[in-house]
Participant: 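One structure follows; several queries about it will come next.
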Amino acid sequence: MPLSLYHSHSTCTVMSWQAYVDSLTGPDSSGNKTIEDAAICGLAAGAESIWASSPGLSSLTADQIKKLAGNSSALRECGPSIGEMKCMLLTDDSENPSSYCMHLKASKNHGGFNICVGKAKTAMVIAKGKDGTAGNQVSTRVFPIVKYLRDAGY
């Protein structure tokens with residue numbers, strides 16, 4: 001089910017889930033590409049799945065999605081895996097209305113990338129920053145989409 005992030009007075013442009021992923025991995029407003037890979041996942045219990053992804057996050061499993069959507073205290077004890085990357089939970093701001101994100105870091109064996117997992121009620125946005133991209137640059141790209149999803153009831 002596509003949704004719109006862009007509205008004008010008389011028209012509404014509808015984007016597919018893949019278009020959101022492509023938007024995240026494309027250049028930001030300054031022309032910089034800060035996101036290496038992104039995915040949007042569904043969180044319906046028993047039907048956790050990838051709705052759209054770039055190739056680098058296409059190996060996410062339903063179990064990994066379920067763990068990322070669950071209680072973050074379990075992620076603190078045993079860091080989550082995202083696809084093939086073992087990660088460490090840095091902070092959980094998923095209930096903070098100015099962030100709605102969990103901030104993760106991939107292990108050094110997996111590049112040490114900063115990762116943001118933004119959660120709405122029925123959907124999750126995951127973005128992995130490019131090498132050298134700061135965590136706040138990743139979450140700044142994820143937040144508007146997650147806020148929109150939350151406001152739209154997703």
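Every heavy atom of this structure was used, including side-chain atoms; hydrogens, water molecules and symmetry mates were not. These figures come from a predicted structure and were not determined experimentally.
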Participant: Can you give me the closest heavy-atom contact between G112 and K105, atom names plus distance?
Facilitator: O-CE, 3.1 Å
Participant: Taking side chain as C-beta onward, heavy atoms only, is S107 less than 4.5 Å from K86?
Facilitator: yes
Participant: Working to the nearest 0.5 angstrom, can you tell me the gap between T61 OG1 and Q64 CD?
Facilitator: 3.5 Å
Participant: Say you draw a straight line from CG of N32 to CZ of R141; how long is it, rounded to the nearest 0.5 Å?
Facilitator: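 Reported to 0.5 Å precision, the distance equals 9.5 Å.
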Participant: Would you check if L43 and K121 make a side-chain contact, meaning some heavy-atom pair closer than 4.5 Å?
Facilitator: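 No, every pair of side-chain atoms sits at 4.5 Å or beyond.
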Participant: How close do L75 and P80 get, counting heavy atoms only, and between which atoms?
Facilitator: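 Reported closest heavy-atom pair: CD2-CB, 3.7 Å.
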Participant: I want to check something: taking the side chain as every heavy atom from C-beta on, are D93 and M102 in contact at a cut-off of under 4.5 Å?
Facilitator: no
Participant: Taking T122 for its side chain and Y154 for its backbone only, find out whether a donor-acceptor pair lies under 3.5 Å.
Facilitator: yes
Participant: Return the CD1 to OG distance between I145 and S23, rounded to the nearest 0.5 Å.
Facilitator: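 The distance works out to 5.5 Å.
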Participant: Dump the intermediate steps for side-chain contact (heavy atoms from CB on, under 4.5 Å) on M85 and I115, then the final yes or no.
Facilitator: CA-CA 10 Å; M85 294 180 294; I115 299 166; 3.8 Å; yes
Participant: Spell out, as yes or no, whether a donor-acceptor pair under 3.5 Å connects the side chain of S81 to the backbone of E84.
Facilitator: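 No; zero donor-acceptor contacts below 3.5 Å.
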Participant: Measure across S53 and A39 and return the closest heavy-atom pair with its distance rounded to 0.1 Å.
Facilitator: CB-CB, 3.7 Å
Participant: For the pair E77 (side chain) and A74 (backbone), establish whether a donor and an acceptor sit closer than 3.5 Å, ignoring hydrogens and angles.
Facilitator: no
Participant: Is the closest side-chain heavy-atom distance between V117 and C101 below 4.5 Å?
Facilitator: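 Not touching, per the 4.5 Å side-chain cut-off.
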Participant: Are I40 and L60 connected into the same hydrophobic cluster when the rule is that any two of I, L, V, M, F, W, Y join if their side-chain heavy atoms are below 4.5 Å apart?
Facilitator: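 Cluster IDs for L60 and I40 differ.
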Participant: Between N96 and Y100 (side chain of the first, backbone of the second, donor and acceptor by atom type, cut-off under 3.5 Å), is there such a pair?
Facilitator: no
Participant: Please confirm whether the backbone N or O of V21 pairs with a side-chain atom of T25, one donor and one acceptor, at under 3.5 Å?
Facilitator: yes
Participant: I'd like to know if the side chain of H103 reaches the main chain of L89, judged simply by a donor and an acceptor atom lying under 3.5 Å from each other, with no hydrogens or angles considered.
Facilitator: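 Pair absent, no side-chain N/O of H103 close to backbone of L89.
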Participant: For residues G56 and D37, report the shortest heavy-atom separation together with the two atoms involved.
Facilitator: N-OD1, 3.1 Å
Participant: Would you call L104 and L68 a side-chain contact if the rule is heavy atoms closer than 4.5 Å?
Facilitator: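 Yes, at least one pair of side-chain atoms sits under 4.5 Å.
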Participant: Taking all heavy atoms of I126 and all of C41, pick out the closest pair and write down the distance.
Facilitator: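 Scanning both residues, the minimum pair turns out to be CD1-SG, 4.2 Å.
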Participant: Do D92 and S94 get their side chains close enough for a donor-acceptor pair, meaning under 3.5 Å?
Facilitator: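 On atom types as modelled, these side chains qualify, holding a pair under 3.5 Å.
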Participant: Just checking K130: does its NZ atom have more than 12 heavy atoms from other residues, nucleotides or ligands closer to it than 6.0 angstrom?
Facilitator: yes
Participant: Could you grab the distance from atom SG of C116 to atom CD1 of I35, nearest 0.5 Å is fine?
Facilitator: 8.0 Å
Participant: Heavy atoms only: give me the nearest T140-N136 pair and the separation to one decimal.
Facilitator: OG1-O, 2.6 Å
Participant: Say whether Y148 and F143 are linked into one hydrophobic cluster, either directly or through other cluster members, by side-chain heavy-atom distances under 4.5 angstrom.
Facilitator: yes
Participant: Can you list everything that forms a side chain to side chain donor-acceptor pair (under 3.5 Å) with K33? Sequence neighbours excluded, please.
Facilitator: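 Counting only residues at least two positions away or on another chain, K33 forms no side chain to side chain donor-acceptor pair (under 3.5 Å).
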Participant: For the residue pair W51 and W17, categorise the inter-ring angle as parallel (less than 30°), tilted (30 to 60°) or perpendicular (more than 60°).
Facilitator: tilted
Participant: L149 and L24: same hydrophobic cluster, using ILVMFWY side-chain contacts below 4.5 Å?
Facilitator: yes
Participant: R76 side chain to M88 main-chain N or O, any donor-acceptor pair under 3.5 Å?
Facilitator: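 Between the backbone of M88 and the side chain of R76 there is no qualifying donor-acceptor contact (under 3.5 Å).
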Participant: Assigning hydrophobic clusters by single linkage (Ile, Leu, Val, Met, Phe, Trp, Tyr; side-chain heavy-atom cutoff under 4.5 Å), is V125 placed with I65?
Facilitator: no
Participant: So, are K128 and E36 salt-bridged, with charged N and O less than 4.0 Å apart?
Facilitator: no
Participant: Do T34 and V138 make a side-chain contact, defined as non-hydrogen atoms from C-beta onward lying under 4.5 Å apart?
Facilitator: no
